[in-house]
Amino acid sequence: QPATQEQIDEVKDIMANITAVDGAVSNEIMNIINEEAAHYFAGQKTAEQVAETIQSRVWVYLSETN
């Protein structure tokens with residue numbers, strides 16, 4: 001089922017307030033996370049499915065860039 005507006009707002013708030021060491025997470029990795037999270041918020045995938053896809057895509061990205 002789709003996420004509630006409250007859940008969406010909570011995740012957006014967390015993402016907006018995350019601080020990390022400069023350069024610790026590339027823009028490409030953040031793009032992957034944002035793209036896949038949209039599927040969860042739309043009710044198209046479960047959180048577990050999204051997490052698996054993110055992990056897989058990031059692994060491929062890191063393998064190709066290192």
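Sequence positions, counted from 1, serve as the residue numbers for this chain. Below, each value reflects all heavy atoms present in this structure, side chains not excepted, and no hydrogens, waters or symmetry copies.
Partners of E10 under the salt bridge (Lys or Arg N to Asp or Glu O under 4.0 Å) rule, at least two apart in sequence or in another chain, do not exist in this structure. Residues satisfying the side-chain contact (heavy atoms from CB on, under 4.5 Å) test with V11, not counting sequence neighbours, are M15, F41.
V58 and V60 are members of different hydrophobic clusters when ILVMFWY side chains are connected at heavy-atom separations under 4.5 Å.
Heavy-atom contacts from other residues, nucleotides or ligands closer than 6.0 Å to CD of Q5 number more than 12. Atom CD of Q55 is surrounded by 12 or fewer heavy atoms from other residues, nucleotides or ligands within 6.0 Å.
Applying the salt bridge (Lys or Arg N to Asp or Glu O under 4.0 Å) test to residues at least two apart or on different chains, the pairs with a partner in residues 54-66 are E35-R57, E36-R57.
Here the closest heavy-atom approach between residue T46 and residue Y40 is recorded as C-CD1, 3.9 Å.
By the 4.5 Å heavy-atom criterion applied to side chains, Y61 and I29 are counted as neighbours.
Using a distance-only test at 3.5 Å, with no hydrogens or angles considered, no donor-acceptor pair links the side chain of S56 to the main chain of E52.
Rounded to the nearest 0.5 angstrom, L62 CG and E28 CD are separated by 10.5 Å. How far NE2 of H39 is from OG1 of T53: 8.0 Å, rounded to the nearest 0.5 Å.
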